[in-house]
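Here the structure is laid out as structure tokens; the discussion comes afterwards.
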Amino acid sequence: MDDGGPPLTRRELVAGAGITGASSLAGCTERLWSQAENNGPKQVSLSIKTVPADDDVVAAKILSQLRENFRAAGIDATHEPVAEADLYRDVLLQENYDVFVLRHSGLDEYDAVRGLLHSRFVSERGWQNPFNYSDVTADEHLETQRRTDESKRTETLRELFEYLETTAPYTVVAYPYQFGGSRRSLDVSRPPRRLVDYVDIMSREGNDWVDDRPLEVGVYGEGLTQRLNPIVVDRNRIEGLLELLYDPLVRRLDDEIVPWLADSIDWDETERLEAEVRLRDGLLWHDGTDLDAEDVAFTIEFLTDTSQGEVDSGVPAPRYRGRVTLVDDVTVVDTRTVRFSFGDTVRPVATRVFTVPVLPEHVWDDRSTVVADRRTEALVTDNEGPIGSGLFSFEESTADTEIVLDSFDDHVFRRTTADRPDLFENFSQFDGIRFQIAPNPGAMIETLVDGEIDVTVGDVPTDQADTIRAASDVSAITGRTDAFYMIGYNVQHPQLSNPHFRRILSRLIDREHTVTEFFDGMAEPATTYSSLFGFPDEDLEYEESPSTVVFPGTDGELSIPRVRSLFADVGYRYENDQLLE
């Protein structure tokens with residue numbers, strides 16, 4: 001592929017920007033009229049947002065490198081560090097940004113990219129198209145992949161990612177390894193991040209020295225005890241905590257779908273796809289109330305519209321929006337059976353909806369009151385004292401100090417007679433979990449070295465890794481996750497509405513150099529078409545590599561002549577070393 005597409009005139013550039021939507025085109029037109037009447041061409045200006053270095057040093061370093069490379073390319077680039085909660089609000093709720101650098105927790109299935117990019121989600125909140133990206137061709141690929149069988153779907157996905165590479169609505173930099181530490185006498189394979197990791201730690205035979213005490217987990221950050229709402233996206237949280245409290249119908253463990261609250265799923269593909277889900281017998285909520293089919297149907301309907309009909313267009317829960325749109329209808333058959341209708345969606349995609357956390361109707365039914373525009377009580381509540389059906393129940397929390405979870409003895413998987421996954425053999429050798437919250441990574445590591453905690457959760461910055469490696473009674477542990485660092489572009493910005501411009505910006509970060517310098521080698525750079533959009537696996541084969549991973553420079557240092565040539569090829573010009581609009 002070429003560097004940036006064929007040369008274009010300024011008029012062609014504005015016309016080409018039309019594929020990103022009418023709103024963007026209107027912005028370009030007004031801008032050009034304004035320039036014609038008042039001022040000459042101005043320097044291209046972009047603001048980049050991310051969290052402060054204290055919250056995520058890697059994101060801050062990526063931003064710093066990106067900002068310097070933007071400036072070297074002639075762009076008036078500024079940066080704006082904002083607290084994590086504010087960044088999520090600006091990006092996911094208010095779309096108040098030009099460019100952002102953010103760590104994404106990962107995508108569970110290829111269909112997840114539909115929620116990120118499909119134009120039907122452009123006016124919604126959360127991770128529903130926060131880029132304002134609207135492209136008919138991409139929409140067609142995103143729709144087709146959910147309707148085709150496995151062999152044809154692979155080809156559709158390959159075409160989708162190749163097309164997205166040419167339009168660059170966002171781009172992934174790298175996939176970090178997770179690094180942490182554990183008590184040396186504790187048999188831990190990797191830092192806990194998901195429920196399965198906690199179960200694994202608490203089931204190891206080598207831990208049989210443990211008496212009846214909670215697993216002591218170290219974590220750092222602010223506000224981690226303030227928000228235990230499982231359906232919102234705007235606040236930071238402890239990784240895996242809500243999975244411990246809330247159960248779904250099924251869980252995805254590695255590449256396997258494992259029934260959880262569901263006892264069985266019977267599929268009917270004779271006409272339109274349907275599934276009948278049979279719940280396990282004897283399911284209970286943490287407050288002792290029966291969990292039944294009404295709760296399951298309520299959850300799907302409530303996530304679809306948390307106002308329960310009070311707002312004409314509905315107020316969907318943003319966190320699981322893409323998944324619940326897979327469901328055409330959900331019906332209660334009896335107290336333990338629910339029937340789902342999916343229309344023309346294929347089974348691997350439809351299964352995603354069974355991974356949403358099931359909510360107790362008797363708790364959440366009263367949270368449908370509309371409290372503001374597109375907000376209901378369900379979307380603003382902190383959900384103090386959460387009631388779930390997970391392996392652990394909420395016991396207590398102390399502001400910014402600790403969260404204590406009790407073992408939920410009535411959970412079906414705590415019965416040795418139950419038909420439960422193999423991972424529960426020897427579960428559990430601990431009595432509950434206590435999260436000890438430190439203000440920063442250094443303080444968390446200190447509690448590990450002092451023997452006050454068993455294991456760390458969350459990322460230990462690479463510049464503090466040596467402290468863990470040097471400690472005598474501590475083991476360094478690493479693991480791979482689906483998380484990735486991404487750069488997002490708000491296509492409502494006049495220049496960012498141009499896909500040729502975005503493609504060049506995507507190249508202004510040296511991924512290999514970033515992994516070496518910022519991750520201390522503990523990450524994988526995004527170098528393939530699918531990995532540029534959140535899927536690091538190699539399931540999709542390509543004949544060539546994407547051009548947007550080719551950095552116009554060496555060892556992180558930009559080649560000014562090369563980058564100027566890239567911008568000139570798509571119709572931009574320079575004056576006094578400034579890239580002009």
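Heavy-atom neighbours of Arg194 CZ from other residues, nucleotides or ligands within 6.0 Å: at or below the threshold of 12. More than 12 heavy atoms of other residues, nucleotides or ligands shown are found within 6.0 angstrom of CD on Gln94.
Although no hydrogens or angles enter the test, the distance criterion places no donor-acceptor pair under 3.5 Å between the side chain of Arg153 and the main chain of Thr148. Remark: side-chain polar atoms of Asn96 are not paired, donor with acceptor, to backbone N or O of Asp90 under 3.5 angstrom. Panel note: side chain Arg114, backbone Gly322; a donor-acceptor pair is recorded below 3.5 Å. The main-chain N or O of Leu508 is found under 3.5 Å from a side-chain atom of Asn69 such that the two form a donor-acceptor pair. Of the possible donor and acceptor atoms, one in the side chain of His493 sits under 3.5 Å from a partner among the backbone N and O of Ser45. Side chain of Tyr220 to main chain of Asp459: a donor-acceptor pair is present (N/O by atom type, distance under 3.5 Å, no hydrogens or angles). Side-chain N or O atoms of Asn132 include none that pairs as donor or acceptor with a backbone N or O of Asn490 at under 3.5 Å. Here the side chain of Asn129 pairs a donor or acceptor atom with the backbone of His118 at under 3.5 angstrom. A donor-acceptor pair under 3.5 Å is formed between the side chain of Thr351 and the backbone N or O of Arg347. Panel note: side chain Asp520, backbone Met522; no donor-acceptor pair is recorded below 3.5 Å.
Closest of all the heavy-atom pairs between Pro176 and Ala523 is CA-CB, 3.6 Å. Closest heavy-atom contact between Pro318 and Ile231: CD-O, 4.0 Å. Residues Val51 and Ala60 share a closest heavy-atom pair of O-CB, 4.2 Å. The two residues Ala72 and Leu558 make their nearest non-hydrogen contact at CB-CD2, 4.0 Å. The minimum heavy-atom distance between Phe551 and Arg562, with the atom names listed, is O-NH2, 3.9 Å. Across Glu575 and Arg573, no two heavy atoms sit closer than the pair OE1-NH1, 3.5 Å.
Salt-bridge annotation for Glu581 and Lys42: absent, with no side-chain N of the basic residue lying under 4.0 Å from a carboxylate O of the acidic one. Checked for salt-bridge contact, Asp149 and Lys152 miss the test: no charged N lies under 4.0 Å from a carboxylate O. Under the 4.0 Å criterion applied to side-chain N and carboxylate O atoms, Arg469 and Asp466 are assigned as salt-bridge partners. Ion pairing between Arg352 and Asp111 holds under the 4.0 Å rule for side-chain N and carboxylate O.
For the residue pair Thr376 / Thr306, a side-chain donor-acceptor distance below 3.5 Å is found, with atom types taken as modelled. Side-chain polar atoms of Gln495 and Tyr572 form a donor-acceptor pair below 3.5 angstrom. Checked by atom type, the side-chain pair Thr481/Gln178 shows no donor-acceptor distance below 3.5 Å. Side-chain atoms of Arg193 and Ser105 include no donor-acceptor pair closer than 3.5 Å.
Atom CZ of Phe533 sits about 8.0 Å away from atom CG of Leu117, to the nearest 0.5 Å. Atom CD in Glu165 sits 10.5 Å away from atom OG1 in Thr528 (nearest 0.5 Å). Atom CD1 in Ile75 sits 8.5 Å away from atom CD1 in Ile48 (nearest 0.5 Å). Taking CD1 from Ile487 and CD1 from Ile62, the interatomic distance works out to 7.0 Å, rounded to the nearest 0.5 Å. How far CG of Leu116 is from CZ of Phe121: 10.0 Å, rounded to the nearest 0.5 Å. One distance of note links CZ of Arg507 with OG of Ser547; it measures 5.5 Å at 0.5 Å rounding.
For the pair Asp577 and Arg564, the minimum side-chain heavy-atom distance is below 4.5 Å. Tyr574 is listed as a side-chain neighbour of Leu579, based on a closest heavy-atom distance under 4.5 Å. Looking only at side-chain heavy atoms (C-beta outward), Arg502 and Thr171 stay at 4.5 Å or farther from each other. Side-chain contact check for Tyr529 versus Glu544: some heavy-atom pair is nearer than 4.5 Å. With a 4.5 Å cut-off on side-chain heavy atoms, His513 and Thr554 do not count as touching. Within the 4.5 Å cutoff, side-chain heavy atoms of Thr78 are placed close to those of Ser47. You'll find the side chain of Arg375 reaches within 4.5 Å of the side chain of Arg125, heavy atoms only. Side-chain contact between Glu159 and His141: present, with at least one pair of heavy atoms (C-beta onward) separated by less than 4.5 Å.
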Side chain to side chain contact (heavy atoms under 4.5 Å, CB included) for Leu157 and Val113? Distances and angles first, verdict last. CA-CA 10 Å; Leu157 289 168; Val113 77; 5.8 Å; no
For a side chain to side chain contact (heavy atoms under 4.5 Å, CB included) check, start with the C-alpha distance between Leu107 and Asp482, then their side-chain angles and the critical distance, and finish with the verdict. CA-CA 7 Å; Leu107 305 175; Asp482 294 329; over 6 Å; no
Is there a side chain to side chain contact (heavy atoms under 4.5 Å, CB included) between Leu505 and Leu46 once you walk through the steps? CA-CA 11 Å; Leu505 295 190; Leu46 292 174; 3.9 Å; yes
Run the side chain to side chain contact (heavy atoms under 4.5 Å, CB included) test on Arg190 and Asp197 for me, step by step, so that the C-alpha distance in whole Å, both residues' side-chain angles and the decisive distance to 0.1 Å come before the verdict. CA-CA 8 Å; Arg190 59 181 181 267; Asp197 300 322; 2.7 Å; yes
Begin with the C-alpha distance, continue with both residues' side-chain angles, and end with the deciding distance and a verdict on salt bridge (Lys or Arg N to Asp or Glu O under 4.0 Å) for Asp86 and Arg89. CA-CA 5 Å; Asp86 295 332; Arg89 182 198 61 207; 3.3 Å; yes
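Aromatic rings from Tyr170 and Tyr133 are positioned such that their centres are separated by 6.0 Å or more. Aromatic ring centroids of Phe501 and Tyr489 lie 6.0 Å or more apart.
Note: Trp127 and Tyr88 have perpendicular aromatic rings, judged against thresholds of 30 and 60 degrees for the angle between ring planes. Using a 30° and 60° split on the angle between ring planes, Phe535 and Phe161 fall in the tilted class, from 30° to 60°.
A side-chain hydrogen bond (donor to acceptor under 3.5 Å, both in side chains) with Thr355 is found for one member of Arg323, Arg252, Arg251 and no other, namely Arg323. Residue Phe519 forms a ring pair (Phe, Tyr, Trp, His ring centres under 6.0 Å) with just one option from Tyr175, Tyr485, Tyr177, and that option is Tyr485. Looking at Arg374, Arg319, Arg321 one by one, the single match for salt bridge (Lys or Arg N to Asp or Glu O under 4.0 Å) with Glu124 turns out to be Arg321.
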